[in-house]
Participant: 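Mind looking over this structure? Questions follow.
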2 protein chains.
Amino acid sequence: MARPSVNLKQLAEQLGLSQTTVSRALNGFPEVSERTRARVQEAARRCDYRPSASAASLATGRTFAVGNVVTQSDGIVIDPHFSDFIAGAGETCARFGYDMLIRMAEREAEAGVYRDFVSRRRVDGVVVHGPTAADPRIAWLRSLALPFVVHGRADDGKADHSWLDVNNERAFHRATDFLLDLGHRRIALLNGPEHLNFAADRRRGHLRAMSCAGLEADPRLMSAEPMLESYGHRRTRELLARAEPPSAVLCASTLIALGVVRALYESGLQPGRQVSVLAYDDDLSFLHPSTRVEVPYLTAMRSSIRAAGRRVAEMLIERIERPEGSPRAELWEAELVVGTTTGPVCGMARS
Amino acid sequence: MARPSVNLKQLAEQLGLSQTTVSRALNGFPEVSERTRARVQEAARRCDYRPSASAASLATGRTFAVGNVVTQSDGIVIDPHFSDFIAGAGETCARFGYDMLIRMAEREAEAGVYRDFVSRRRVDGVVVHGPTAADPRIAWLRSLALPFVVHGRADDGKADHSWLDVNNERAFHRATDFLLDLGHRRIALLNGPEHLNFAADRRRGHLRAMSCAGLEADPRLMSAEPMLESYGHRRTRELLARAEPPSAVLCASTLIALGVVRALYESGLQPGRQVSVLAYDDDLSFLHPSTRVEVPYLTAMRSSIRAAGRRVAEMLIERIERPEGSPRAELWEAELVVGTTTGPVCGMARS
DNA sequence: ACTTGTTTTCAAAGCGCTTTGAGCGCCGCC
DNA sequence: GGCGGCGCTCAAAGCGCTTTGAAAACAAGT
């Protein structure tokens with residue numbers, strides 16, 4: 001099996017046909033007779049013929065690769081949510097014969113990367129991660145005529161491009177309502193970085209729910225940081241040291257929630273008893289049992305980021321293969337999963 | 001900035017030079033005069049000229065991409081360790097002008113993916129993840145003459161290829177010694193899947209340390225499963241329900257350890273007091289404070305998987321660009337970081 | 001002036017595929 | 001008998017780069 005690589009020319013010679021016919025036979029063109037097609041396919045399989053990607057790419061302009069640029073904003077943190085998203089997207093890509101290209105760059109260099117993708121013809125399309133308010137990338141990509149799908153929403157979703165987002169605002173509205181119904185009034189929000197739209201939406205959902213209930217949210221109970229376990233832990237310790245600690249904590253990720261839970265236990269408190277914990281759960285594969293028999297632990301608003309990855313890739317491939325079609329937008333609702341970390345407000349936490 | 005894409009021919013015409021000269025000027029060949037080179041470079045910059053990747057690739061056979069195949073062994077779990085590794089590798093790749101190609105496949109299809117990479121000329125080399133005992137991939141890749149670097153060790157590292165691994169055996173030997181020194185005798189091992197070499201090595205290190213201390217490891221205290229938080233949690237509850245529970249738990253990842261800690265707290269035990277917890281820590285970015293000022297929480301054997309990613313990518317690029325050079329092998333030592341989750345054995349846990 | 005050598009430039013031949021435009025044989029239809 | 005149409009196949013022209021082999025330009029040595 002050393003070096004079998006046959007090229008089109010050799011295959012054609014072997015068959016006594018022209019390259020044209022062989023190429024057409026393999027690519028399913030109608031103008032080749034079924035008998036010939038079968039012969040060609042058989043020979044191709046026997047010789048393990050596979051067209052060179054770069055030659056095909058040069059001839060067609062297509063690369064069968066989708067780009068993902070990972071910005072290392074402050075020299076830190078590739079977030080684990082990304083890897084689950086990629087896993088989902090990768091499944092779809094594999095199914096359609098695409099590869100995923102990943103390029104890391106400083107945030108300021110991102111525009112350059114897109115131009116590079118286009119002028120060097122490296123990818124057929126890209127997915128845009130972590131949109132911010134008035135995200136400039138949308139305009140760049142449009143002007144470059146590079147197909148793209150946004151994971152999240154830019155321009156409030158009004159814009160004329162494909163996107164898929166979770167209804168973060170509603171998710172946090174509902175989460176807050178759930179806690180309010182349990183009697184909680186002092187609710188802390190441990191949000192992700194709020195220049196990212198998803199985090200801003202979550203904050204808004206939380207605030208809306210509070211004001212619908214006639215309550216004013218206490219700004220001192222709200223924070224926004226990268227979603228690390230240590231953030232949940234440190235912040236919870238701070239909150240518990242207050243004169244008026246919260247009776248419930250709303251977290252932007254399960255990672256944060258794990259830190260919160262750890263801090264609670266360290267302080268001798270039990271999640272779901274003295275302090276309730278509710279997290280947004282991206283259904284990360286490594287935080288969940290592989291078999292779903294066990295009772296959920298964290299109460300959470302859940303939506304699978306991996307499923308989102310799958311769908312976003314489908315949407316992207318559709319834009320690539322039928323650019324004339326109209327863009328699609330999907331807004332997914334997160335599902336409330338009640339676990340053991342929430343419970344009715346209890347005496348202790350009353351201010 | 002709409003469609004600037006200039007090609008070599010146009011650039012050459014514009015300069016009144018031949019394509020040859022322009023190409024050579026840009027690629028740093030010595031036989032072009034400095035004056036001409038400067039002129040060409042200036043023009044290239046002004047026109048934002050970038051050579052088409054597929055054309056260059058077709059002409060040279062190089063792709064400037066390194067492949068990573070992610071096997072979805074049982075339809076589940078892309079593990080978060082992978083994403084940190086990729087982040088590291090991505091940094092190096094970006095520095096050297098390479099892209100990372102990711103392809104998902106069923107484990108049985110992996111051989112086919114490598115062949116595809118080679119015959120379709122998709123990548124210049126690959127990194128091999130998660131080597132197992134007598135891993136067949138090594139032989140495949142060698143017979144395909146595709147440059148590769150193994151993250152981990154195959155063939156006990158004797159083989160003639162580049163690899164980078166952590167000394168997992170020593171790490172777990174030391175970790176076990178550390179616990180033994182604290183007086184622990186009943187030590188549970190929550191290992192990763194032991195068909196993977198790194199996990200087998202860790203088990204061996206643990207067993208060696210035990211037998212060096214004249215102790216026999218209790219097989220009922222050892223388990224091997226995918227490294228999920230829920231695994232740590234469930235398994236710890238099982239262990240605590242035993243007549244003779246362990247006084248210390250050794251975990252193959254921080255994720256597992258978080259589950260262990262949670263289970264301990266739920267049972268009213270404190271990590272570091274009644275039960276010690278020591279984990280292998282890949283220094284995953286999302287489980288650690290971004291600023292390192294805080295005291296470490298988990299006691300751990302630590303080695304950055306991200307740094308490993310960086311180095312593996314360097315080694316791979318070296319193999320790609322100088323295949324005649326001799327392969328490199330590196331064995332990294334993990335560092336012991338003492339946190340708050342370990343302490344001397346205490347009365348309660350005595351059987 | 002004429003060879004010799006060195007530097008700088010070029011035309012043209014690939015790399016391996018797709019795709020255009022045409023050819024050929026054959027049918028049926030006016 | 002000529003003509004359009006249909007079914008199948010092909011030669012050749014790209015796609016945009018690199019690289020070979022040779023030529024042109026210039027300087028230096030006899």
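Residue numbering restarts at 1 for every chain, and letters A, B, ... go by the order of the sequence lines. Every heavy atom of this structure was used, including side-chain atoms; hydrogens, water molecules and symmetry mates were not. Predicted model, so just to flag it, every value in this text is computed and none were measured.
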Participant: For B/K9 and D/dG16, what is the distance between atoms NZ and C1' respectively, to the nearest whole Å?
Facilitator: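 These atoms are roughly 10 Å apart.
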Participant: Nearest of D/dG16, C/dC17, C/dT9 to any side-chain atom of B/S52?
Facilitator: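 Of the options given, the side chain of B/S52 lies nearest D/dG16.
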Participant: Using a heavy-atom cut-off of 4.0 Å across all strands, would you classify A/T36 as base, sugar-phosphate, or nothing?
Facilitator: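 Result for A/T36 = sugar-phosphate.
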Participant: Knowing that exactly one of B/V312, B/N197, B/V150, B/L331 qualifies, which makes a side-chain contact (heavy atoms from CB on, under 4.5 Å) with B/D165?
Facilitator: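 Going through the options one by one, the only one that passes is B/L331.
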Participant: Nearest whole Å is fine: how far is D/dG7 P from A/R37 CZ?
Facilitator: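 Result: 14 Å.
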Participant: Mind calculating the distance between CG (A/L8) and P (D/dA11) to the nearest angstrom?
Facilitator: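 Whole-Å distance recorded here is 13 Å.
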Participant: Can you tell me which residue among B/R95, B/R319, B/R328 is in a side chain to side chain donor-acceptor pair (under 3.5 Å) with B/E314?
Facilitator: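 When B/R95, B/R319, B/R328 are each tested with B/E314, the side chain to side chain donor-acceptor pair (under 3.5 Å) holds only for B/R95.
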Participant: Please list, for nucleotides 19-27 of chain C, all pairs of protein and nucleotide N/O atoms separated by less than 3.5 Å.
Facilitator:
from   : atom 1 : to    : atom 2 : distance (Å)
C/dT19 : O4     : A/T20 : OG1    : 3.1

Participant: Looking at every non-hydrogen atom in both residues, tell me the closest pair between A/R115 and A/L144 and how far apart they are.
Facilitator: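 Looking at all heavy atoms of both residues, the closest pair is N-CD1, 3.9 Å.
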Participant: Please round to the nearest 0.5 Å and tell me the distance separating atom CG of B/L8 and atom OG of B/S52.
Facilitator: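 Nearest 0.5 Å value for the CG-OG distance: 10.5 Å.
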Participant: According to the interplanar angle, ranging from 0 to 90°, do the rings of A/H129 and A/H151 count as parallel (below 30°), tilted (30 to 60°) or perpendicular (above 60°)?
Facilitator: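 Taking A/H151 first and then A/H129, their aromatic rings stand perpendicular (interplane angle over 60°).
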Participant: Rounded to the nearest Å, what distance is computed from the CD atom of residue B/Q10 to the C1' atom of nucleotide D/dC17?
Facilitator: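 It is 13 Å, rounded to the nearest whole Å.
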Participant: Check every atom of C/dA11, D/dT9, D/dC17 against the side chain of B/S18 and return the nucleotide holding the closest atom.
Facilitator: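 Between C/dA11, D/dT9, D/dC17, the one nearest the side chain of B/S18 would be C/dA11.
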Participant: Whole Å only: how far is the CZ atom of B/F64 from the C1' atom of D/dC17?
Facilitator: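 Checked: the CZ to C1' distance equals 13 Å.
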Participant: By nearest heavy atom, map B/S33 and B/L58 onto DNA chain C; which one lands nearer the 5' end?
Facilitator: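 Nearer the 5' end of the strand: B/S33.
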Participant: Could you tell me how far apart B/Y49 (OH) and D/dG16 (C1') are, to the nearest whole angstrom?
Facilitator: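 Result: 7 Å.
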Participant: Is there side-chain contact between B/R103 and B/D116, with at least one heavy-atom pair below 4.5 Å?
Facilitator: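 Of all side-chain heavy-atom pairs linking B/D116 with B/R103, at least one is under 4.5 Å.
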Participant: Starting from P on D/dG16, measure out to CZ on A/R121 and report it in whole angstrom.
Facilitator: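 Rounding to the nearest Å, CZ of A/R121 and P of D/dG16 are 6 Å apart.
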Participant: Please check this pair: side chain of B/D124 against backbone of B/T63, looking for a donor-acceptor N/O pair closer than 3.5 Å.
Facilitator: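 Side chain of B/D124 to backbone of B/T63: a pair is present.
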Participant: Taking atom C1' of C/dT18 as reference, at what distance in whole Å does atom CG of A/L11 sit?
Facilitator: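 A/L11 atom CG is separated from C/dT18 atom C1' by 15 Å.
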